Amino acid sequence: MVCNWFSLIFLFGLYQAYECSDAIDSVQKLIPVHSKPVPTSVFQHEIQLDPDGNFWLFWNVSGTNITFETHVRTRGYVGFGLSQNGKMFPSDVIVSWINSDGSVYFRDCHTVGNVVPKVDSNQNWYLINGFENDFGTVLTFSRKLDTCDEDDIVINDDTIRTIYSYHEEDPISMTEMQWHGEKRGAQSVMFLSSSKSLASIPNNSIKVDIVTPPYEPLIQKESLAFVHHIVISKCPDTSDADVGSTYDCFSTSTPDRFMTCSDPVVAWAVGGLAFNMPKHVGFAFGEADSPKYVKLEIHYSNPSMKSGIVDRSGIRMFLSPDIRQYDAAGMTIGVNPNPTHIIPPYQKSFVSTSYCNPQCTEKGLPDTGISIFGAFQHAHVLGRAIKTRHIRNGKELPPIAEDKTYDFNYQDIRTLKEERKVKRGDSFMVECTYDSSKKNKSTTGGMSTGEEMCISYIYYYPRTNMSFCLASPLYDQISKDSEKAFEQLKDWNWNDKHIRQQFQQLVNNSTYNTICNGPIKLERHSGCIINLLEYMKSALGFCGVQIVYDMTDMVVMIASITWF
């Protein structure tokens with residue numbers, strides 16, 4: 001049974017995965033029969049747009065242009081486009097089909113309602129090729145990222161909502177198109193910073209599936225709505241005796257040694273895709289100075305308390321014996337996920353901000369600094385925009401990552417176009433914008449879906465001991481005693497517009513308590529040392545089921561990660 005807010009931690013060993021390699025190959029026959037189509041040329045990015053594998057999208061970006069290829073399981077018409085809100089209108093679309101003589105009808109259109117799309121006066125989507133094959137209909141086409149046309153949607157670094165539709169028959173003309181019915185859908189995509197790339201998986205890689213036992217590398221459709229997020233972390237203080245053990249994490253039964261598993265290797269959330277590491281970087285295991293064990297942590301959300309759910313979700317990692325130039329690491333920065341993070345109701349655009357101050361990076365980073373190659377920005381259902389900011393010597397640099405159209409149902413790692421160099425003494429800010437206009441009470445920070453988060457997981461090299469830097473507002477304008485200030489806030493009348501406006505100013509001008517760490521202890525910027533174990537228990541609350549894996553059988557590096 002999956003409870004209202006429940007998560008699990010498992011500890012696993014790499015040697016166990018190798019012993020099960022034959023089982024892995026045999027189970028893969030269970031993959032759904034809809035196999036992936038073969039594109040007409042090499043495309044660096046791909047995504048299956050629908051759950052059944054009937055609509056596939058491939059794309060390449062070159063300068064100011066983008067080339068798409070769709071493979072759709074139909075011999076009728078195909079619709080594909082971009083939408084501001086994920087709905088069928090208003091949207092920027094193409095409509096196409098293959099005529100009986102092999103010629104291709106292809107038009108750049110836009111939608112305005114539950115009517116046939118209108119053909120644009122300016123045709124900015126260009127057909128390259130179109131034909132039918134054993135899979136269905138194949139279309140290759142291109143456009144500029146910004147067409148400077150008010151009927152077209154700009155393709156930028158934000159999360160873009162794609163929409164699609166298809167029908168089993170060709171229409172006689174655009175004006176006589178039949179309704180597509182249920183053969184339609186929407187899927188968010190990051191076209192310019194997609195983590196799903198065909199590069200960087202070595203031929204000698206070994207697939208290792210880390211899943212909740214019993215073993216089965218498939219997510220069942222029945223449990224898709226309940227798997228909230230998955231984290232794999234390195235564990236410096238566990239032992240062979242812990243391998244295969246299962247606990248409700250951060251509960252009274254969780255061993256203290258699990259609390260130091262704070263260095264994230266993999267962070268997945270709803271809608272995430274596979275992530276391929278850069279060719280010169282990998283997460284190292286089996287070396288003398290790398291942890292021996294990893295922890296799989298799965299968080300579930302089941303507000304309706306539905307019973308009888310069995311989940312076998314997990315992570316597939318590709319491990320290579322070819323050691324890469326740099327060891328990768330992960331760092332969590334953002335708002336400390338606890339009740340002091342408050343989002344008032346009735347707010348269309350409320351901003352929460354966190355600070356990772358220069359003292360933390362001055363003590364936690366090496367003299368040479370670090371290079372960030374990826375970022376995974378995370379909020380819950382109220383989140384509308386997230387920005388990871390970078391400051392040096394009091395001057396703000398371009399954002400490390402920014403998404404002005406964040407989608408909770410599509411959370412993926414962003415591959416940076418250019419690696420970002422971070423020096424000792426630099427600072428970070430994570431800024432989240434929320435829409436609480438439909439809430440009638442305040443929302444507080446926490447790990448459940450009904451609570452909120454404002455986090456950015458940054459992936460970087462070379463590996464250091466600094467794995468997180470979190471901040472909380474002290475509300476010191478109300479009281480110098482933060483506990484008294486927080487208690488007073490509970491009595492504020494959020495129905496009063498002026499109170500809500502006052503609170504936004506209070507958050508903006510508050511002093512922030514920053515906590516950053518090495519592998520065992522947390523350190524405030526004031527120099528006060530806080531025990532990590534006590535902090536994790538008190539501040540993070542619910543966590544979940546944990547499994548521990550032993551990663552010592554050979555020296556390997558993670559080259560690619562797939563969610564399944």
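None of these values were measured; they are calculated from a predicted model. Residue numbers run from 1 in the order of the sequence given.
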Just by modelled atom types, is the [Y] backbone N or O under 3.5 Å from a matching donor or acceptor in the [X] side chain?
| X | Y | result |
| --- | --- | --- |
| Ser193 | Met190 | no |
| Ser83 | Lys87 | yes |
| Asn509 | Leu506 | no |
| Asp242 | Thr238 | no |
| Arg463 | Tyr460 | no |
| Asp149 | Asp151 | yes |
| Thr162 | Gln187 | yes |
| Arg324 | Pro278 | yes |
| Thr514 | Tyr355 | yes |
| Asp152 | Thr147 | no |

Distance-only donor-acceptor check, side chains [X] and [Y], under 3.5 Å:
| X | Y | value |
| --- | --- | --- |
| His380 | Gln411 | no |
| His341 | Asn336 | no |
| Tyr293 | Asp237 | no |
| Asp435 | Ser437 | yes |
| Ser427 | Asn357 | no |
| Asp403 | Thr159 | yes |

Are there over 12 heavy-atom neighbours, none belonging to Lys144, within less than 6.0 Å of that residue's NZ?
no
Out of the candidates Ser456, Cys432, Pro399, only one should pair with Lys387 under the side-chain contact (heavy atoms from CB on, under 4.5 Å) rule; please name it.
Pro399
Non-hydrogen side-chain atoms of [X] and [Y] separated by less than 4.5 Å:
| X | Y | result |
| --- | --- | --- |
| Asp157 | Lys417 | yes |
| Tyr461 | Phe283 | no |
| Leu416 | Ile372 | yes |
| Tyr475 | Ser482 | no |
| Tyr346 | Lys439 | no |
| Asn85 | Arg161 | no |
| Tyr459 | Met331 | no |

Electrostatic pair Glu487:Lys490 at N-O distance under 4.0 angstrom
yes
Spacing of [atom1] belonging to [X] relative to [atom2] belonging to [Y], to within rounding of 0.5 Å:
| X | Y | atom1 | atom2 | answer |
| --- | --- | --- | --- | --- |
| Glu483 | Leu474 | CD | CG | 11.0 Å |
| Cys454 | Leu382 | SG | CG | 12.0 Å |
| Ile400 | Phe428 | CD1 | CZ | 5.0 Å |
| Leu192 | Leu145 | CG | CG | 5.5 Å |

Mind running side chain to side chain contact (heavy atoms under 4.5 Å, CB included) on Glu431 and Ile386 for me, showing each step along the way?
CA-CA 6 Å; Glu431 183 179 278; Ile386 307 179; over 6 Å; no
Cys360 vs Cys516, test: disulfide (SG to SG under 2.5 Å). Steps then yes/no.
CA-CA 6 Å; Cys360 286; Cys516 49; 2.1 Å; yes
Could you go step by step and tell me if Ile153 and Gln84 meet the side chain to side chain contact (heavy atoms under 4.5 Å, CB included) rule?
CA-CA 8 Å; Ile153 291 177; Gln84 297 283 12; 4.0 Å; yes
Walk me through whether Ile455 and Val335 qualify under side chain to side chain contact (heavy atoms under 4.5 Å, CB included).
CA-CA 6 Å; Ile455 292 292; Val335 178; 5.8 Å; no
Taking the six-membered ring for Trp, is the centroid-to-centroid distance between Phe191 and Trp59 below 6.0 Å?
yes
Would you please indicate if the ring centroids of Phe89 and His110 are separated by under 6.0 Å?
no
Worked verdict on Ser352 versus Tyr434 for side chain to side chain contact (heavy atoms under 4.5 Å, CB included):
CA-CA 8 Å; Ser352 295; Tyr434 302 98; 3.5 Å; yes
